[in-house]
Amino acid sequence: MVLSNITHFSPMFYLSSFPGLEAFKHWIFIPFFLMYLVAISGNCLILMIIKTSPRLHTPMYYLLSLLALTDLGLSVSTLPTTVSIFWFNYHSIYFEACQIQMFCIHSFSFMESAVLLVMSFDRFVAICHPLRYSVIITGERVMRAGLCVILRGPVALIPIVLLLKVFPYCGPLVLSHSFCLHQEVIHLACVDTTFNNLYGLSLVVFTVMLDLVLIALSYGFILYTVAGLASQEEQIRAFQTCTSHLCAVLVFFVPMTGLSLVHRFGKHAPPAVHLLMANIYLFVPPMLNPVIYSIKTKEIRRAIIKFLGFRKDNSESWGE
C-alpha cells in the first residue's frame with residue numbers, strides 16, 4: 001500500500017495558500033500585489049537612479065545596486081507561483097519547476113546575506129579608516145567581491161538541489177507555502193536524507209550565520225571608533241552613514257532568524273504561523289530596502305527628486 005504512494009519520476013507538488021482562508025484569497029492577494037509592486041518598482045528605480053547619476057558611480061552605490069538586483073531577483077522568484085495560487089487558483093507545480101524556484105530563492109537569499117556583509121565592510125573602512133578608503137575600496141575590488149557574491153550561493157546549492165532529483169517521494173506531496181523551499185521538499189522524500197540535511201545545515205552555518213557574525217564584528221569596531229570621536233555631533237554624523245545598512249541588516253536577518261526558530265522549535269505551531277514567517281522573510285526585505293535607502297540616504301533621495309522632476313518637466317514639455 002505504501003509502495004503505491006511512492007513517486008520516482010517527476011512528481012508534481014501541491015502548493016498551499018493560507019489554510020481556512022481560501023474564500024478570501026483574492027483579497028489576500030491585494031497586500032501581496034502591493035508588496036510586489038513596491039519591491040519591483042522600488043528596486044528598479046534604485047537601479048535606474050544609480051545608473052543615470054554619475055555622482056553615484058562609487059563603490060558604495062555599486063554595492064547598493066547589487067543589493068537592489070538581489071532583491072529584484074528574490075521578488076521575481078516567488079511571483080509566478082504566488083500569482084497562480086491567489087489569482088488563478090492553480091496550486092500544482094512540476095518537480096523541475098519547483099527545483100528551479102527553490103534554487104533561485106535560496107541563491108538570492110545567500111546573495112543578499114553576502115551583499116550585506118560586503119556593505120558592512122565598506123562602512124567599516126569608511127568610518128574606521130577614512131583616509132585609506134579610496135585605496136582599500138576600489139572599483140576593481142568591488143567587482144571581484146560582487147562576482148564572489150553572485151557565485152557563492154548558486155555554486156554551493158547545486159549539489160543538494162540536484163540530489164533531490166534522485167529521491168523517491170511518497171505520501172501527499174503538499175507543501176505548506178505558495179513557493180518551493182528545500183527544507184520542505186526534503187521532508188517528503190521516502191529515503192534517508194541525512195546528507196542533504198547536514199549539508200544544508202552546514203551551508204547555512206558557514207554562509208548566512210558566518211555573515212551575520214562578521215557583520216556584528218564590523219559594527220563592533222564601528223561603534224568602538226565612533227565612541228572615540230571628540231564630539232557628540234561627529235559621533236552622530238559618523239553613525240548616520242550606517243543607519244540605512246543597519247536597517248537593511250535587521251530587516252533581512254530578523255525574519256530569517258524567526259523563520260529558522262519556527263521550523264526548528266515550532267513543529268506544533270499552526271500552519272498559518274509558518275506561512276506568515278516565510279512570507280515576511282521573502283517579501284518584506286525586497287519591499288523595505290528601497291524605501292529605507294530612499295528615505296535614509298540623502299544622495300539617493302536627492303537623485304530621486306531630481307530624476308522625477310526631470311521626468312515631470314519632460315512630460316510637461318511633451319504635453320505642450
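We're numbering straight along the sequence, starting at 1.
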side-chain hydrogen bond (donor to acceptor under 3.5 Å, both in side chains) between S53 and Y61, intermediate numbers included: CA-CA 10 Å; S53 302; Y61 294 104; over 6 Å; no
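- Shown are F283, W27, W87; of these, the ring-ring contact (aromatic ring centres under 6.0 Å, His included) with F32 is made only by F283.
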Y219/L246 under side chain to side chain contact (heavy atoms under 4.5 Å, CB included): CA gap, chis, key distance, verdict: CA-CA 9 Å; Y219 272 98; L246 188 58; 3.9 Å; yes
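- Formation of a donor-acceptor pair under 3.5 Å by the N43 side chain with backbone atoms of P286 is found in this model.
- The distance from the CZ atom of F86 to the OG1 atom of T81 is 9.5 Å, given to the nearest 0.5 Å.
- With hydrogens and angles disregarded, no donor-acceptor distance shorter than 3.5 Å links the side chain of D211 to the backbone of L117.
- For E96, the CD atom counts as densely surrounded, since its 6.0 Å shell holds more than 12 non-hydrogen atoms of other residues, nucleotides or ligands.
- Closest approach of H91 to S16, counting heavy atoms only: ND1-CA, 4.3 Å.
- Looking at every heavy atom in both residues, A238 comes nearest to I127 through O-CD1, 3.5 Å.
- Defined by atom type and a distance below 3.5 Å, a donor-acceptor pair is missing between the side-chain atoms of H177 and N279.
- Taking the centre of each ring, F124 and H129 come in below the 6.0 Å mark.
- In terms of heavy atoms, M12 sits closest to S92 at SD-CB, 3.5 Å.
- The salt bridge (charged side-chain N to carboxylate O under 4.0 Å, His left out) contacts involving residues 120-131 comprise nothing, where partners must be two or more places apart or lie in separate chains.
- Note that CE of M102 is 9.0 Å distant from CD of Q183, once rounded to the nearest 0.5 Å.
- In this structure, the ring of F13 has its center less than 6.0 angstrom from the ring center of Y169.
- Taking both residues in full, the closest heavy atoms of C180 and I93 are given as SG-CD1, 4.0 Å, listed atom of the first, atom of the second, then distance.
- Looking only at distances, a side-chain donor or acceptor of Q101 sits under 3.5 Å from a matching main-chain atom of S77.
- Here the straight-line distance linking atom CD1 of I46 with atom CG of L72 works out to 11.5 Å at 0.5 Å rounding.
- In this structure, the side chain of H57 engages the main chain of I50 through a donor-acceptor pair within 3.5 Å.
- A side-chain donor from one of Y36 and T82 sits under 3.5 Å from a side-chain acceptor of the other.
- Cluster membership for V135 and V142, using ILVMFWY side-chain heavy atoms within less than 4.5 angstrom, is not shared.
- The two atoms that bring Y293 and M119 nearest to each other are OH-CE, 3.1 Å, heavy atoms only.
- Aromatic ring orientation, F252 versus Y281: tilted (interplanar angle from 30° to 60°).
- A chain of hydrophobic side-chain contacts below 4.5 Å, direct or via other Ile, Leu, Val, Met, Phe, Trp or Tyr residues, connects L34 to L275.
- In this structure a side-chain-to-backbone donor-acceptor pair under 3.5 Å is present from E184 to S176.
- Taking every heavy atom of both residues into account, L116 and V249 meet most closely at CD1-CA, 4.2 Å.
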